[in-house]
Structures are given as C-alpha cells and as structure tokens.
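Report on one structure; see the data block that follows.
Predicted, not measured: the structure shown is a model, and the values here were computed from it.
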Amino acid sequence: MILKISDVEMSFGERTLFSNVDLFLKRGQKVVLVGPNGCGKTTFLKIVTGEIEPTKGHVEFSGQRLGRIKQFRIDPTATKAERSRLPNRTIFEEGLSVFKDAIDAYDKAIDRAMNSDMETYDLFFEKAESLGVYSAEKKVREMLSGLGFPQKDFSRSISTLSAGELTRLQLAKVLMADPDLLVLDEPGNYLDVYGMFFLKEALSSLKGAVLIATHDRNIMKDIPDEVWDIDFGGIKPYRGNYTDFVAQKENFLKSFQSRERDLSMQIKHIHNVVQRYRKWGREKAIRQAKSKEKLLGKLEKERDKFNLKKRQSFSKFRFESSGVTENVVLKVDNLKTYAGSKYIGTFTFQIYNGEKVALLGKNGAGKTTLLKEIVKNGSHVEFGPNTVFAHVDTVGSSDDGQRKGSFERTKESVLSNIWKLVQPWSDYEVRKYLGRFGFVGSDVFKTVDSLSGGEFVRFEISKALIKNPNFLIMDEPTNHLDLYTIESLEEMLRNYAGAVFFTTHDLEFAKHIADRFFMLQDGNLWVFDDYDLTVDFLKKTVNPKRRNVKSSKISSDFEKRKSAKNRVKAIERKLYNYELKFEELERAVQEIEAQMNFNTTDHVKLEELSRKKDEIDLEMEKILEKIDALETEKNFLKEEA
C-alpha cells in the first residue's frame with residue numbers, strides 16, 4: 001500500500017465537500033478521480049499531496065518520491081518578479097537536471113579514473129549506470145518532444161517560457177523522475193491533443209501509482225484500475241476503467257433513487273402520524289410525537305444527500321437553428337494566415353451544411369488564429385447567403401490572469417448580459433434559458449468577471465446560441481468543463497441540425513461529434529474523414545519511429561484509403577441532394593395530379609399539366625439513374641476504404 005486515506009473530511013464554513021472518506025492506493029495502481037466542477041477534486045488532491053490539511057482525518061504516504069505538478073500562473077504585471085526566481089538554464093538543461101545524481105556520479109567516476117583511483121571509480125561508475133546516465137539525454141529529448149517542445153527550442157532559456165510551457169516542462173521532469181506516486185490535476189488544461197496522447201502512453205508505462213483528475217475519456221478508458229467518484233458528499237471507489245464505472249454508477253444511482261423514494265414515503269407517513277398524535281393531545285401521545293419527530297429528523301437528513309446530485313447536474317442543452325438552403329456554408333479560398341508577424345499557412349477548404357468538422361493540432365500551430373481569420377469574414381472567406389454563424393471563443397476563459405481572446409469580462413451580471421441580446425423577453429424567459437446552461441437561482445446575478453473558467457465557458461455558449469445560428473465556430477468548447485457538462489454538450493452538438501467547426505484537445509469529444517477531421521501541422525492542413533485514420537496519423541506524429549515513409553508523409557496505402565473515404569463522403573453528399581430533389585419533384589407531381597383532377601373539363605389546361613408531368617417524370621427517372629450509379633460507386637469505394 002502506497003497511500004492510505006482515513007476518515008477524511010473537508011469543510012469550508014458550513015459547506016462540507018466530502019466526509020467519511022476511507023480509501024487506499026496500492027503500489028503501481030492507477031486511479032482516475034471524477035466529479036462535477038466544484039465538488040472538491042482539486043482540494044482532495046491537495047490533501048493527498050500535503051499542500052493543505054483536511055478538517056478531519058489523516059493521509060499516510062509510505063513511498064519515497066511523490067510527484068506533483070504546480071500549474072504556473074504568471075501575472076503580466078509581476079512577470080519580472082516571477083521570472084527572476086526561475087533557474088538560469090535552458091529547457092534541455094532543466095530536463096537533464098532530473099538525472100543530476102547520475103551525472104554527478106559519472107563526473108566523479110571520471111575524476112577518480114584521472115587520478116588512478118580505480119576502486120572508487122568502479123563504485124561511482126556503477127552508481128551512474130544504475131541511475132541511467134547513458135540513457136538520460138535520450139529520455140530528455142523524447143519526453144520534451146512528446147510534451148510539445150520542438151527540438152529547436154531545447155536551447156531556449158526557461159525565463160522566456162509562458163506559464164503553460166513551464167507547467168509542461170515540470171510535467172516532463174516529474175514523469176522522468178519515475179515517482180512512487182504521481183498526482184495530476186486536469187493535465188488537459190495545459191496539454192494539446194498531441195500532449196494528451198503522449199501522456200496516456202507515458203502513464204501506461206509508469207511503474208509507480210497514479211492518481212489523476214481528468215475529463216479525458218481516452219485516459220479514463222485505458223489507464224485506470226479504479227475510478228474514485230466524488231458525489232453525494234463522499235468519495236466512492238469503483239473497480240475497473242471509466243466504461244466499467246459508468247455501468248456500476250448507473251446501478252448505484254438506481255438503488256439510490258429507490259432508497260430516496262422509500263425515504264420520502266416513510267417521511268410522509270411519519271409526518272402524518274406525528275400530526276395525529278399532536279392532534280390527540282394526550283401526554284402519552286405527545287411523547288410518541290416527539291420520539292417520531294426525532295426519527296423524522298434523521299430520515300430528512302439522510303434524504304438531503306439526494307439533493308446534491310440534483311444541484312450538480314445540468315439541464316440538457318436544446319435549441320433550434322435557423323434553416324439553410326445552400327450546400328456550402330463556408331468557403332475558404334487561399335487564405336493566408338498570420339499570428340502577428342508569424343506565418344501560419346495558406347488554407348483552402350469548404351464546410352458543408354450540417355457538417356461537423358474538428359480542427360486539431362499542437363498548441364501554437366495556429367488553430368485559434370485560423371478561426372479568428374474566418375470570423376473576420378475577409379475577401380478570402382465566403383459564408384453561404386443564408387448562413388448565420390456564431391463564434392464561441394473560450395480560449396480566454398482562463399482565470400489565471402492571462403486571459404486572451406477578443407472579449408473582456410465585464411462587471412455586469414450574467415442575467416443583464418443575456419437580457420441585452422433578447423430585450424423583448426421577460427425575466428422568467430431569460431432565467432429559464434440560462435437554467436439550461438447551469439445558471440440557476442442566484443447564479444444569474446453573478447458578475448461575468450467573477451465567473452470560474454467552466455462557468456465562463458457555459459456563459460459564452462449561452463450567448464452564442466441565443467440567436468439560433470445555423471453554423472457554430474467554437475474554439476476549445478470543452479475548456480474547464482466537467483465530464484457531465486461535456487457529455488451534455490456532445491449530445492446537443494450531435495443533435496444540432498447546423499454545421500460546426502471547432503477546435504479541441506479532447507479526442508473523444510471530437511470522435512463523438514465530427515464527420516471530418518482537419519489536422520493542422522507545420523502550416524499544412526491534413527483532411528481525414530475517419531477517426532481511426534486521424535489517430536493513426538497522430539500516433540505517427542507523436543512517435544516518429546512508427547513512420548515508414550520520408551518527410552513525414554503518410555504511406556501510399558494510407559493515402560489511398562483516405563482518398564477513398566473522402567470520395568465516399570462526397571458521394572453521400574450528392575446522394576443526399578439528389579434525394580432532396582427527388583422528393584421535391586414528387587411533391588410537384590402530386591400537385592399537378594391534384595390540379596388535373598380539379599380541371600377535368602378544361603382540355604387545354606389538362607394538356608399543359610400532362611406535358612409538365614411528363615417532363616418531371618423524365619427528370620425523376622434521370623435522378624434515379626444517377627442515384628443508382630452513385631450507390632454502386634459508393635459500395636465499391638467502401639470496400640477499398
């Protein structure tokens with residue numbers, strides 16, 4: 001056993017986050033911590049690492065090396081003071097500092113050899129070898145590259161790094177140190193899609209125990225032996241991975257809800273009994289009433305636990321989108337994109353009506369910049385004539401003093417901000433709308449500048465959707481959201497009739513929503529119509545050894561499959577349009593036949609209507625022939641793909 005948690009409770013004033021927590025972690029065991037935002041995940045992890053003391057209970061760590069990450073927050077107004085405390089080393093030198101003992105032992109061995117002290121030389125040399133001195137530089141290069149540091153940046157001074165880069169560097173060092181217990185809190189907040197993929201592989205090979213809070217379902221499905229769920233005022237362990245947890249939690253909730261119904265029936269019955277006793281008024285009856293009231297209090301206190309889940313859940317997002325008649329909702333043609341003076345790339349692509357497209361890539365690749373260039377609607381960007389788009393910019397939702405984005409957080413309330421957009425609405429209608437996004441009761445009076453990261457993301461989404469757009473452009477919509485809200489957002493976007501173009505670092509989120517995947521890498525846009533092909537490309541990028549072709553190009557077989565899948569998608573769009581046209585012609589024929597029945601005595605009119613009907617019948621026949629040919633081609637290509 002590496003970690004033992006005994007009777008832990010954490011309270012802030014009258015609010016108790018969790019209590020009666022008894023858990024343990026075995027050596028090498030990997031655990032994922034889940035729960036809604038605000039339930040106390042970060043607080044619990046800080047208790048485990050010893051950063052804060054619990055209100056009650058204690059934690060025992062029996063290992064030697066505890067690995068944890070401090071997420072750096074550099075306030076721009078205090079940057080100089082913060083940076084003056086950073087070591088005067090390069091990124092590579094800082095990574096190599098993990099192997100300081102190995103390098104020191106090697107240096108001492110060389111020194112003893114120079115002085116012909118071979119006995120001491122052997123001791124230091126064996127120590128250096130056992131500490132991995134010969135593989136140190138290789139490990140540092142692999143770890144830094146995997147976590148998003150290009151080799152050309154290895155010589156950069158640490159003092160030039162951003163807060164996110166410093167956090168990633170610290171993660172690289174912790175992983176290389178191979179701790180007995182590694183504690184991570186939402187690594188997706190500072191890692192891109194490549195970094196999360198690399199982290200999953202690194203955690204799989206880690207010998208020590210792991211306790212990680214994350215909403216990345218790829219990690220949650222592949223890494224844990226156990227899931228710890230913060231809910232109903234406690235922390236309950238579930239054996240297995242996230243898929244096992246979901247099934248077990250559903251069964252637990254069913255029994256929980258059954259217990260809630262039983263309690264409500266008991267409370268109602270005892271309440272009636274108490275009223276009868278008091279109404280009777282005899283001394284014995286009064287004593288019985290008081291006794292029953294004590295029992296009633298206990299049962300009501302137990303039932304209060306069930307209200308926690310209701311407060312933590314969000315209503316399902318539902319909204320309508322205005323109709324679009326055109327097939328292409330966005331056309332980007334030869335769009336040169338710059339982030340300041342840095343050239344990102346030149347892009348040409350189209351997005352179709354109802355299509356969901358994920359834009360993936362490394363941090364700094366230019367994803368946000370590309371979206372903002374599109375939103376500017378310049379000469380190289382063309383939206384469909386009936387396309388109404390909304391831009392959801394959550395990249396600036398960070399509450400660490402480093403907000404970016406094209407918006408400012410105001411001191412106005414959430415309610416006031418939304419009401420400005422729909423002035424004819426009543427107070428009730430605005431509150432009801434905000435309730436769909438988790439703003440209930442007094443939450444609507446929170447000022448925008450006081451919102452947490454997750455609350456701000458929900459607020460931005462609520463603003464974007466209120467005008468019923470038919471095309472959503474979303475930058476990292478899952479930022480700071482808990483798993484429950486992410487799954488609600490997924491369901492909304494899957495059912496959304498309009499088009500969506502979004503960036504994300506959450507591969508599972510992209511998998512559940514996207515029809516196509518754009519990979520932005522080194523100024524090039526790689527387009528995939530299949531999730532597995534996207535992941536295959538990602539694997540080859542994260543681990544260059546897996547590539548079997550030069551210049552980072554995918555193999556001819558891979559390209560052939562990709563081409564076939566692209567063609568299938570194009571055929572399906574054509575089939576959809578032909579079927580719509582056929583239905584439209586069918587309605588026209590029905591209308592002509594109705595007119596013919598009405599004009600049975602007007603031979604001139606009948607002849608004209610009959611001619612029109614023949615023309616439409618001929619057109620319908622041609623469409624059916626095209627549909628048949630496309631279906632044949634589609635089936636052939638599916639076999640190739």
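- With hydrogens and angles disregarded, no donor-acceptor distance shorter than 3.5 Å links the side chain of Lys26 to the backbone of Leu3.
- Minimum interatomic distance between Glu165 and Phe149 (heavy atoms only, all atoms of both residues): O-CZ, 3.3 Å.
- Looking at Tyr433, its side chain does come within 3.5 Å of a backbone N or O of Ser462 through a donor-acceptor pair.
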(message) Determine whether Lys207 and Asp178 satisfy the following criterion, salt bridge (Lys or Arg N to Asp or Glu O under 4.0 Å), listing intermediate values before the conclusion.
(response) CA-CA 7 Å; Lys207 294 176 184 176; Asp178 199 17; 5.0 Å; no

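- The closest donor-acceptor contact from the side chain of Thr504 to the backbone of Asp506 lies under 3.5 Å.
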(request) Given salt bridge (Lys or Arg N to Asp or Glu O under 4.0 Å), test Glu508 with Lys221 step by step and report yes or no. (result) CA-CA 10 Å; Glu508 197 76 7; Lys221 287 177 181 177; 2.7 Å; yes

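- Ionic pairing of Lys30 and Glu226 is not present here: no N-O contact between side-chain nitrogen and carboxylate oxygen is shorter than 4.0 angstrom.
- Figure legend: cation-pi geometry between Arg217 and Tyr242 absent, as NZ or CZ is not positioned both under 6.0 Å from the six-membered ring centre and within 45° of its axis.
- Under a 3.5 Å cut-off, the side chain of Asp185 and the backbone N or O of Thr42 do not form any donor-acceptor pair.
- Leu465 pairs in a side-chain contact (heavy atoms from CB on, under 4.5 Å) with only one of the listed residues (Arg436, Glu460, Met492), which is Met492.
- Not a single donor-acceptor pair under 3.5 Å links the side chain of Arg68 to the backbone N or O of Val183.
- Remark: the backbone N or O of Arg239 is paired with a side-chain donor or acceptor of Gln248 at under 3.5 angstrom.
- The aromatic rings of His215 and His505 sit tilted, their planes meeting at an angle between 30° and 60°.
- Under a 3.5 Å cut-off, the side chain of Lys411 and the backbone N or O of Thr447 do not form any donor-acceptor pair.
- Contact record, Asp225 with Gly28: OD2-O, 4.3 Å, taken as the closest heavy-atom pair.
- A cation-pi geometry, defined here as NZ or CZ lying under 6.0 Å from the six-membered ring centre and within 45° of its normal, holds between Lys236 and Phe252.
- In terms of modelled atom types and a separation under 3.5 Å, the side chain of Asn417 and the main chain of Val414 share no donor-acceptor contact.
- Of all non-hydrogen atoms in Lys367 and Gly361, the two that sit nearest each other are NZ-O, 3.1 Å.
- A donor-acceptor pair under 3.5 Å is formed between the side chain of Thr49 and the backbone N or O of Leu45.
- Aromatic ring centroids of Phe18 and Phe44 lie under 6.0 Å apart.
- Between Asp180 and Arg65 there is a salt bridge, since at least one side-chain N of the basic residue sits less than 4.0 Å from a carboxylate O of the acidic one.
- At least one donor-acceptor pair under 3.5 Å links the side chain of Thr503 to the backbone N or O of Glu476.
- Between Thr214 and Leu184 the shortest side-chain heavy-atom distance does not fall below 4.5 Å.
- Salt-bridge check for Lys56 with Asp7: passed, with a basic side-chain N closer than 4.0 Å to an acidic carboxylate O.
- In this structure, Glu53 places its CD atom where only 12 or fewer heavy-atom neighbours from other residues, nucleotides or ligands lie under 6.0 Å away.
- Using a 4.0 Å cut-off between charged side-chain N and carboxylate O, Asp231 and Lys249 make a salt bridge.
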(message) side chain to side chain contact (heavy atoms under 4.5 Å, CB included) for Val210 and Leu25? Distances and angles first, verdict last.
(response) CA-CA 9 Å; Val210 176; Leu25 195 59; over 6 Å; no

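- The nearest pair of heavy atoms linking Asp192 to Asn363 is OD2-N, 2.7 Å.
- Ionic pairing of Lys432 and Glu429 is not present here: no N-O contact between side-chain nitrogen and carboxylate oxygen is shorter than 4.0 angstrom.
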(request) Check the pair Leu493, Met474 against side chain to side chain contact (heavy atoms under 4.5 Å, CB included), reporting the backbone distance first and the verdict last. (result) CA-CA 11 Å; Leu493 292 176; Met474 311 180 83; 4.1 Å; yes

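- Counting all heavy atoms, side chain and backbone alike, Gly57 lies closest to Pro54 at O-CG, 3.6 Å.
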